[in-house]
Amino acid sequence: MLASSLTVIVLTGSLSVYLYSVSGWLLGQGQIDRDSKAEGAMRLVTAELREAMWTSVAANGRRIDYRKPLLGSNGQYAMPVTWDGVSRSIELSSGRLLFRAGSSERAICDDVITTDPLSSPAQDYRLFTPSAGAQPRSVTVMIATRSTGYRGKVAVGRARELVYMRNIPELVR
């Protein structure tokens with residue numbers, strides 16, 4: 001009887017520790033997923049903007065229009081640097097970060113939020129903040145995402161990066 005009671009106590013304790021560990025793992029996995037989503041979107045955005053030769057940021061900071069230089073048949077940029085003729089933009093629309101090039105459109109990231117999760121109290125932020133000057137040479141990009149995960153816990157991911165444009169023509173440098 002004593003051995004059965006001790007076995008039940010040990011098994012109950014082991015099961016509760018196991019369930020507690022699994023719930024902690026699920027919460028951590030939700031946070032990792034959000035961080036990965038924000039970082040993945042940041043990689044796509046920064047790769048596009050680094051190649052830009054001209055940018056224009058909307059007044060609310062939620063849209064950036066940009067132009068990329070023309071590539072020659074050898075895969076190198078045509079000299080002098082000239083626009084390839086394709087209008088491109090990255091824009092936040094209804095919680096989705098969208099990439100547009102000409103008439104095509106694709107979603108880069110879902111569940112993008114417009115408040116900085118690391119500020120207290122939460123404050124609105126600009127996704128795109130250009131450097132000073134008539135033609136900015138750099139843009140600060142900040143992407144924050146949020147989702148509801150295990151047991152209704154909110155997971156927030158945030159990525160921020162300063163992007164320097166590499167292809168600004170000599171005329172505007």
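Since we're looking at a predicted model, the values are computed, not measured. Hydrogens, waters and symmetry mates play no part in the numbers below; they use all other heavy atoms, side chains included.
Contact of the Leu44 side chain with the Phe99 side chain is not registered, since no non-hydrogen atoms from C-beta on lie closer than 4.5 Å. With a 4.5 Å cut-off on side-chain heavy atoms, Arg88 and Val86 count as touching. Considering only heavy atoms from C-beta on, Asp84 stays 4.5 Å or farther from Pro69 through its side chain. Residues Leu97 and Val45 form a side-chain contact, since some pair of their non-hydrogen atoms from C-beta on lies under 4.5 Å apart. In this structure, the side chains of Thr145 and Ile113 stay at 4.5 Å or more apart for every pair of heavy atoms. Between Ile90 and Phe128, the closest side-chain pair of non-hydrogen atoms falls below 4.5 Å. You'll find the side chain of Val112 reaches within 4.5 Å of the side chain of Cys109, heavy atoms only.
Counted within 6.0 Å of CZ on Arg96, heavy atoms from surrounding residues, nucleotides or ligands total 12 or fewer; the atom is thus considered open.
Among the candidates Asn60, Ile64, Leu92, Thr140, the single residue satisfying the side chain to side chain contact (heavy atoms under 4.5 Å, CB included) test with Leu127 is Leu92. For the pairing with Leu11, the side chain to side chain contact (heavy atoms under 4.5 Å, CB included) check across Val8, Thr7, Ile9, Leu15 returns one residue only, Thr7.
Tyr125 contributes a side-chain N or O that, together with a main-chain N or O of Ala144, makes up a donor-acceptor pair within less than 3.5 Å.
The pair Arg146-Asp111 does not count as a salt bridge, with every side-chain nitrogen at least 4.0 angstrom from each carboxylate oxygen.
Minimum interatomic distance between Arg126 and Val57 (heavy atoms only, all atoms of both residues): NH2-CG1, 3.8 Å. For the residue pair Arg158 and Asp35, the shortest heavy atom distance occurs at N-OD1, 4.0 Å.
Under the salt bridge (Lys or Arg N to Asp or Glu O under 4.0 Å) criterion, Arg100 pairs with Glu91, Glu105, not counting sequence neighbours.
Side chains of Arg34 and Ser147: a donor-acceptor N/O pair is present below 3.5 angstrom, by distance only.
Distance NZ/Lys37 to CD1/Ile108: 12.5 Å, rounded to 0.5 Å.
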